[in-house]
Amino acid sequence: MSAKIYPVLKSAKSRALIDNDTYQKWYRESVENPERFWDKHGMRIDWFKPYTKVKNTSFTGKVSIKWFEDGITNVSYNCIDRHLKTHGDQVAIIWEGDNPYIDKKITYNELHEQVCRLANVMKKHGVKKGDRVTIYMPMVPEATYAMLACARIGAIHSVVFGGFSPDALAGRIVDCESTFVITCDEGVRGGKPVPLKENTDTAIDIAAKQHVIVNKVLVVRRTGGKTGWAPGRDLWYHQEVASVPRDCPPARMKAEDPLFILYTSGSTGKPKGVLHTTGGYLVYASMTHKYVFDYHEGDIYWCTADVGWVTGHSYIVYGPLANCATTVMFEGVPNFPDSGRFWEIIDKHKVNIFYTAPTAIRALMGAGDAFVKRSSRSSLRLLGSVGEPINPEAWEWYYNVVGDARSPIVDTWWQTETGGILITPLPGATDLKPGSATRPFFGVKPQLVDNEGAVLEGAADGNLCIIDSWPGQMRTIYGDHARFAQTYFATYKGRYFTGDGCRRDEDGYYWITGRVDDVLNVSGHRLGTAEVESALVSHHLVSEAAVVGYPHSLKGQGIYCYVSLMAGQTGTDELRQDLVKHVRKEIGPIATPDKIQFAPGLPKTRSGKIMRRILRKIAEDDFASLGDTSTLADPAVVDDLIANRQNKT
Ligand code: PRX
């Protein structure tokens, strides 16, 4: 099957930083001589003491990844101070409120003052280099100030998505033993308040039971809504920042000093604290931001992600600000007040570069073209997609209806672990194929392997590995380096295994086919089936649970739960609703189960292992091809599961 090809647009080529010849030349150099390539590009950020060593990485044995290791720098300095002389009055952040009548512009000079003041507040309350600070915030400028203030003094931030529950927040506070939390009284999304301070209070109580005591909570007043208050522990942000000096020198940080921890789901166990460090991360985030989005000075750039996810870290905050861009930060949701909101914002702020997720594109496509056509979108020059495979129909709609066939789409494949984009088109260099993330970025060496680890050459379908390091790569799992080596480098020895399936076509283009492990991708949000299962079995009426994904037209994947109840219990609709509520409470609304099937028995091998392959097939309503069920301890359970399936066609 040959896919439709969209050749590089003339308009994109004429202004692009990288054309195809340059891509080929740079790519060759980057993989043949990574030392020389990154030696040159490492200097795109400012160093207090330049590095002399570039790359020191090993994917075998204990696994060790170091880039620019003897260099000294500071991320906040690079994102703010170095721009002040020439661009102090340039807008750094355009903040667009949930309410369409509220917005705010923050210049680089103002950003400097805000970040310095907050850094001084943290110092005043005892936060030191290497301490972990949890940021549980909505999409307000203070979330960015908080990240940069941590970077300024060398504290390690752990941003927890504002949609996570108190339990999930507590788990993340406990894992990294964070004693300082920054939050808001309430967030606002789609006109509705989100009780962030109340959730924080609950989380702190849960953490205390596990002997992690949060000493200070800094609270931004966003809505003025009523919140509980612990005197001595809770501090109002606005009062604190007003009472400290407006300058704070940036700490001298080694390139390999930690910058942040970001928790993400894996196929087993609790979410992992993915650790990123200072120098390599910033070089990679800023470099990819510049070339993938073909960023030119003066461009208005908008990434619709939340700062609670890696996309927000690398492509709302660190990449754009290191490049002295104007970055848009949106507090709200795509369909409030109505489904025209994104396009209105593009016109209002004259956005040139727009980066969003397939799940949003599909939802807005479903709302109809009229919402799009109400706007001009004449400022748009480039469109981006991230988070999950984009189906060709959604791609075509994005390209033709949103982009009026004038703007290339960069379908960017990457992960929390990779720090920045690894496989992507470059707008002036790469012919596009809808649904393909196309070709590797500079320095990235993909490899496809079969299940036994044999390397697949040419056009092939297999498991996606990366065989050499790039500067933005995660360095470890916080507090558990052995798990890091085991999770990513043991499946296919000496190679970084992404967990994704992938096809390479005859043109060398990569097509990500989705996760091949027990990780779900629901509306672009990553969730472990094990997390949802453990939430379900923590309900007092549940004895066992197995969770799988199934294709969902809007969310990409939906969550299908098989639940066995305690003896004597019957599955009712009421219990179903209660279980949904319970999972939302344990993890958060992003984990809301779509289907719950009560199952008196689950298909298990004689050694007791649940056969997920069978459960997946039933959830997909594809039970004609269940494969071999003869190894099951009790083959009869399958008939019952099929008879009671929730996805009947
Ligand atoms: O399965 C891939 C999918 O999202 C996973 C990474 O999720 P997370 O760490 O939350 O980071 C998301 C944002 C970078 C990947 O393993 N994924 C991400 N981008 C794409 C994608 N799948 C297909 N195409 C993409 N462009």
Side-chain angles (χ1 to χ4, degrees), residues 159-161 163-164 260-267 271-276 281 284-285 288-289 292 303-316 318-319 355-362 383-392 394-395 398 409-425 430 432-441 444 446 463-466 472-474 477 487-488 491 496-504 509-529 531 549 555-557 590-591:
V159 182
V160 178
F161 174 57
F164 276 123
F260 66 83
I261 301 166
L262 187 55
Y263 287 88
T264 193
S265 298
S267 48
K272 304 176 287 243
V274 168
L275 185 95
H276 283 286
Y281 171 79
Y284 199 76
T288 44
H289 173 260
V292 174
C303 164
T304 69
D306 190 287
V307 288
W309 310 115
V310 74
T311 310
H313 283 57
S314 300
Y315 299 114
I316 294 177
Y318 291 120
Y355 189 32
T356 194
T359 190
I361 298 168
R362 285 191 297 266
L383 301 170
S385 171
V386 61
E388 51 181 316
I390 179 164
N391 48 312
W395 194 101
Y398 196 27
I409 296 178
V410 289
D411 175 0
T412 63
W413 174 84
W414 59 296
Q415 310 176 297
T416 306
E417 291 89 338
T418 69
I421 294 163
L422 293 198
I423 302 182
T424 178
T430 317
L432 305 174
K433 298 186 190 181
S436 172
T438 77
R439 305 187 292 193
F441 190 73
V444 175
N463 302 301
L464 178 63
C465 295
I466 313 288
Q473 185 171 24
M474 76 183 280
I477 292 176
T487 306
Y488 299 106
T491 317
Y496 169 76
F497 177 42
T498 62
D500 277 323
C502 180
R503 179 167 71 83
R504 186 174 45 221
Y509 274 38
Y510 290 85
W511 300 73
I512 308 295
T513 50
R515 302 289 302 198
V516 293
D517 52 10
D518 290 322
V519 170
L520 304 175
N521 193 328
V522 181
S523 301
H525 299 320
R526 197 166 144 177
L527 273 175
T529 50
E531 281 169 81
K555 300 179 179 184
Q557 268 190 312
I590 58 169

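Values reported hereafter were calculated over all heavy atoms of this structure, with side chains retained and with hydrogens, waters and symmetry mates removed. Counting starts at 1 for both ligands and their atoms, in listed order.
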Worksheet item: Between Thr498 and Gln415, is a side-chain hydrogen bond (donor to acceptor under 3.5 Å, both in side chains) present by the stated rule, with each step listed?
Response: CA-CA 8 Å; Thr498 62; Gln415 310 176 297; 4.7 Å; no

Worksheet item: Going by heavy atoms, is Gly387 under 4.0 Å from ligand 1?
Response: yes

Among all protein heavy atoms, pick the one closest to [atom] and tell me residue, atom and distance.
atom                    : result
atom 15 (C) of ligand 1 : Asp500 OD2, 3.2 Å
atom 6 (C) of ligand 1  : Trp414 O, 3.7 Å
atom 13 (C) of ligand 1 : Thr311 OG1, 3.4 Å
atom 7 (O) of ligand 1  : Arg526 CD, 3.4 Å

Discussion item. Under a 3.5 Å distance rule, please check whether Glu417 uses its side chain to pair with a backbone N or O of Met474 as donor and acceptor.
Written reply: no

Worksheet item: So do the side chains of Arg362 and Asn391 get within less than 4.5 Å of each other, counting heavy atoms only?
Response: yes

Looking only at heavy atoms, is any part of [X] under 4.0 Å from ligand 1, and if so is it the side chain, the backbone, or both, or is it neither?
X      : value
Pro389 : both
Gln415 : both
Thr412 : backbone

Practice prompt. Would you please indicate if the ring centroids of Trp414 and Tyr284 are separated by under 6.0 Å?
Written response: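 Not close enough - the centres of the two rings lie 6.0 Å or further apart.
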
Discussion item. I want to confirm something. Looking only at heavy atoms, which of Val310, Thr416, Asn521 is nearest to atom 8 (P) of ligand 1?
Written reply: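 Among Val310, Thr416, Asn521, the closest heavy atom to atom 8 (P) of ligand 1 belongs to Thr416.
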
Practice prompt. Would you kindly say whether Tyr496 and Gln473 are connected by a side-chain donor-acceptor distance under 3.5 Å?
Written response: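 Not at all, the side chains of Tyr496 and Gln473 share no donor-acceptor pair under 3.5 Å.
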
Practice prompt. Answer yes if the side chains of Ser314 and Tyr281 hold a donor-acceptor pair under 3.5 Å, and no otherwise.
Written response: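 Their side chains do contain a donor-acceptor pair, which is all the 3.5 Å distance test asks for.
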
Practice prompt. Kindly determine whether Tyr355 and Thr311 satisfy side-chain hydrogen bond (donor to acceptor under 3.5 Å, both in side chains), including the steps that lead there.
Written response: CA-CA 10 Å; Tyr355 189 32; Thr311 310; 5.6 Å; no

Practice prompt. Number the atoms of ligand 1 from 1 as they appear, then name those within less than 4.0 Å of a heavy atom of Ile512, with their elements.
Written response: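 In order of numbering, the contacting atoms are 22 (N), 23 (C).
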
Discussion item. Any nitrogen or oxygen of Asp411 lying under 3.5 Å from a nitrogen or oxygen in ligand 1? Just yes or no.
Written reply: yes

Fill in: Distance-only N or O hit between ligand 1 and Ser385, under 3.5 Å
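So ligand 1 has no N or O lying under 3.5 Å from an N or O of Ser385.
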
Discussion item. Just to verify, which of Ile590, Val310, Leu520, Thr416 counts as forming a side chain to side chain contact (heavy atoms under 4.5 Å, CB included) with Arg526?
Written reply: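 Exactly one option meets the side chain to side chain contact (heavy atoms under 4.5 Å, CB included) with Arg526, and it is Thr416.
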
